[in-house]
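All remarks here apply to the structure that follows.
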Amino acid sequence: MALVLTVQVGLADNDKDLGQERFCSNTEAYAALLRRCANERNLVDGKRVHEHLRRYGYENETFLGNLLVQMYGKCSSIDDAALAFDSIRKKDLFSWNIMIAAFAENGCLDRAVGVFELMEPARIKRNRGTFVAVLAAGLDLEQGKKIHDSVHSSGLERNEMVATALLSMYGACGSTDDARQVFEQVPKLDLVCWNAMITAYVQNDRGREALEIFHRLEMEGVKCNEVTYLAALDACACLAVQSEGRSLHKRVSEAGLLLTSFKVANSLINMYGKSGNLEAAEEIFESMPSRDISSWNVLLTVYGHNGLGDLAVDRFTESCLEGFEPDSITFLAVLQACSHAGLLDTGVELLVSIQEDWGIDPTQYHYLCVVDLLGRSGELVRAEALINSMPFEPEEGAWRSLLGGCRVNSDVGRGERATQRLLVMSEDSSPYVLMANIYASIRNFDLAERLRSVMADRNVKKQPGLSWIEVRGRIHTFAANDKLHARKEEIYAGLDRLFVELQREGYRPDTRVALYDVEEEKKVRMLLHHSEKLAIMFGLMSTPDGSPLFVLKNLRVCADCHAATKIIAKITKRKIVMRDASRFHHFENGKCSCCDYW
DNA sequence: TTAGGGTTAG
């Protein structure tokens with residue numbers, strides 16, 4: 001319909017036919033044109049239609065006015081949308097909702113909330129569409145709770161559409177408990193609602209709860225769709241539970257989604273990649289009948305996480321030769337691969353070429369990879385200069401990368417500078433911990449201790465390190481010095497025996513990584529009871545000899561655990577794969593795939 | 001007659 005009208009009205013050619021009475025009086029025709037311009041994000045033609053409406057006096061008519069606001073919103077011309085809204089003489093509920101949605105979609109949070117708040121004095125009764133629109137505006141938790149209150153007063157809390165918008169808002173704000181509460185109050189859950197709840201958990205790294213919801217959905221006999229599988233695969237990737245991931249693989253394959261949906265196939269590559277199964281990830285990629293740029297991005301990211309920098313660069317070249325146009329994420333993946341593999345020159349060249357050869361503006365994250373590369377290769381002066389020459393105000397990540405470089409090179413002065421910047425910007429514990437580590441590495445325990453008291457005074461808590469391992473379909477989680485596991489006695493006794501063997505093989509506890517100035521022996525015990533070692537010990541005693549172990553850590557692996565795991569892999573003749581917060585380590589026969597660069 | 005909730009890679 002829209003296409004025929006476009007031809008009749010002659011929008012694509014010139015204006016003259018548009019003036020003809022038979023078409024201008026046709027509200028439906030204009031509506032179809034505006035909808036089409038909105039869908040195609042075609043601002044130029046959208047403005048021409050607007051001009052005609054103005055000329056023939058239709059501009060202020062409610063129905064077409066609403067569609068004008070929508071068209072401008074979809075074309076990201078937000079001030080035009082606001083003007084169109086203002087010129088609607090008799091605004092109806094749609095006018096308000098569409099205006100809020102347009103602001104929300106264009107990231108104009110305050111304006112969206114502003115319009116929402118004007119509705120009450122204007123005596124417009126909000127409906128579910130109003131709440132759905134404003135809840136998508138990217139509210140913070142406080143604003144979100146205020147809107148939740150008005151949802152409550154409107155009696156719409158149990159409506160599945162509003163509830164989904166509400167719980168997604170809570171998920172985006174990091175409050176999964178609030179999201180869950182909303183979810184549990186919906187009397188008739190529909191699939192979108194289930195999917196949103198799983199996604200909210202995944203977004204917040206709560207893979208276990210995400211899978212719990214997924215299993216409940218299955219128990220209740222709800223039929224999944226593509227989005228459900230994407231969310232569930234993400235949950236598996238987050239936890240690295242390959243057993244569950246494999247069964248999902250089978251199901252999406254049976255449902256035909258593996259061949260028809262790029263998103264599903266790409267999520268499978270990601271799931272296998274994050275679960276440490278590089279071969280399976282590559283197999284999916286190679287077996288895809290066709291790929292999109294995201295398939296390449298996922299594969300390159302997987303290579304990067306595994307320290308395969310050269311391979312990532314080679315395959316990036318291959319993707320270009322095959323005619324794939326790289327995007328900003330492709331470059332981020334390759335740069336991160338360079339950064340994990342220490343490919344300094346390639347990384348520096350690539351950063352320049354993103355803009356010069358491909359016309360893509362590098363983001364701060366692209367710069368950070370190179371700051372990281374420079375910092376860790378000891379080029380701290382260049383790293384700091386790069387931060388200061390970036391075309392944007394440095395964010396936390398920039399100083400954190402520099403501080404990481406200072407930690408590797410024990411650069412106290414520059415480290416203090418970066419820490420000072422970070423302490424103003426963030427309430428996170430990592431600058432304190434990194435800087436204290438720098439002081440401890442030069443054995444200045446006074447300063448390390450002083451920093452620790454500042455941390456305590458400001459009530460900044462160190463994020464607890466956790467490691468976990470899947471054994472026979474169950475996930476076992478450990479904190480340092482864990483006393484909760486049912487088999488704790490065996491684990492600690494096993495570690496004591498292992499410690500003796502480790503020392504025989506030349507392992508010396510790296511007490512420099514201990515934060516505090518306690519007696520040497522106590523430090524050694526603290527190190528031996530790190531969460532990584534507990535998880536590995538439990539894995540060793542619960543799985544058959546010779547079988548590989550896969551351990552996850554929520555933070556970066558500690559240097560002492562890294563050194564110990566190399567030797568553990570050697571003396572137990574096991575392959576041990578560890579996924580930490582930034583990458584994979586494959587330990588085998590006394591060596592790690594990262595070549596001690598991480 | 002209009003729109004509005006969930007969607008891969010970082």
Side-chain angles (χ1 to χ4, degrees), chain A residues 26-28 30-32 34-35 38 62-71 73-74 92-102 104-105 126-136 156 159-169 171-172 179 182-183 186 189-200 202-203 224-234 237 257 261-271 273-274 281 284-285 291-302 304-305 326-337 363-366 368-369 397 582:
Chain A
N26 191 342
T27 303
E28 259 310 310
Y30 279 123
L34 284 171
R35 236 174 275 136
T62 311
F63 174 57
L64 288 172
N66 292 348
L67 290 177
L68 265 175
V69 177
Q70 185 192 41
M71 180 275 293
K74 297 280 180 206
D92 62 6
L93 183 55
F94 271 103
S95 319
W96 291 85
N97 291 357
I98 290 170
M99 188 67 253
I100 295 171
E105 279 166 26
R126 297 158 177 154
N127 71 349
R128 59 181 193 179
T130 320
F131 290 108
V132 167
V134 75
L135 284 166
L156 285 164
N159 171 279
E160 53 271 34
M161 218 180 232
V162 178
T164 305
L166 255 180
L167 78 86
S168 300
M169 176 278 294
V182 173
F183 178 79
V186 183
L189 288 167
D190 65 13
L191 186 58
V192 181
C193 217
W194 285 100
N195 292 347
M197 191 63 240
I198 301 174
T199 303
V202 174
Q203 278 170 346
C224 306
N225 67 1
E226 182 185 349
V227 182
T228 323
Y229 288 123
L230 291 173
L233 279 169
D234 253 13
L257 287 167
S261 162
F262 283 133
K263 284 183 188 171
V264 167
N266 297 346
S267 292
L268 263 174
I269 302 174
N270 180 50
M271 182 278 294
K274 292 248 169 72
I284 305 274
F285 179 86
R291 304 172 185 112
D292 64 3
I293 187 64
S294 306
S295 320
W296 283 98
N297 292 350
V298 182
L299 183 77
L300 297 173
T301 304
V302 171
H305 285 157
D327 61 15
S328 179
I329 294 167
T330 319
F331 288 109
L332 196 56
V334 187
L335 274 171
Q336 274 172 350
T363 67
Q364 178 132 196
Y365 301 109
H366 296 93
L368 292 197
C369 297
S582 81

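These numbers come from a predicted model, not from an experiment.
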Would you find a donor on one side and an acceptor on the other, under 3.5 Å apart, between the side chain of A:N127 and the backbone of A:T130?
yes
Base orientation of B:dG6, syn vs anti, 90° cut from 0:
anti
With a 4.0 Å cut-off on heavy atoms, is A:T301 in touch with a base, just the backbone sugar-phosphate, or nothing at all?
sugar-phosphate
For A:E160, answer base if it contacts any base atom (sugar-phosphate contacts may also be present), sugar-phosphate if it contacts only those atoms, and nothing otherwise; contact means non-hydrogen atoms under 4.0 Å.
base
Could you pull out the closest heavy-atom pair between A:A31 and A:F63, with the gap in Å?
CB-CE2, 3.8 Å
Give one of base, sugar-phosphate or nothing for A:T164, where a contact means two heavy atoms less than 4.0 Å apart.
base
Please confirm whether the backbone N or O of A:T363 pairs with a side-chain atom of A:H366, one donor and one acceptor, at under 3.5 Å?
yes
Pick base, sugar-phosphate or nothing for A:Y365, based on heavy-atom distances below 4.0 Å to the nucleic acid.
nothing
side-chain contact (heavy atoms from CB on, under 4.5 Å) assessment of A:N225 paired with A:N195:
CA-CA 9 Å; A:N225 67 1; A:N195 292 347; 3.3 Å; yes
Which part of the nucleic acid, if any, lies within reach of A:L332 when heavy atoms closer than 4.0 Å are counted: base, sugar-phosphate only, or nothing?
sugar-phosphate
Contact interval (first through last nucleotide) of DNA chain B with protein chain A, 4.0 Å heavy-atom:
B:dT1 to B:dG10
Around atom CZ of A:F262, are there more than 12 heavy atoms of other residues, nucleotides or ligands at under 6.0 Å?
yes
Pair A:D292-A:N266, side-chain donor/acceptor within less than 3.5 Å:
yes
Looking at every strand, decide which applies to A:N225 at a 4.0 Å heavy-atom threshold: base, sugar-phosphate, or nothing.
base
Quick one: label A:H366 by what it contacts on the DNA or RNA (base, sugar-phosphate, nothing), any heavy atom closer than 4.0 Å.
nothing
Need one value for A:V192: base, sugar-phosphate or nothing, where a base atom within 4.0 Å counts as base even if backbone is also close, heavy atoms only.
base
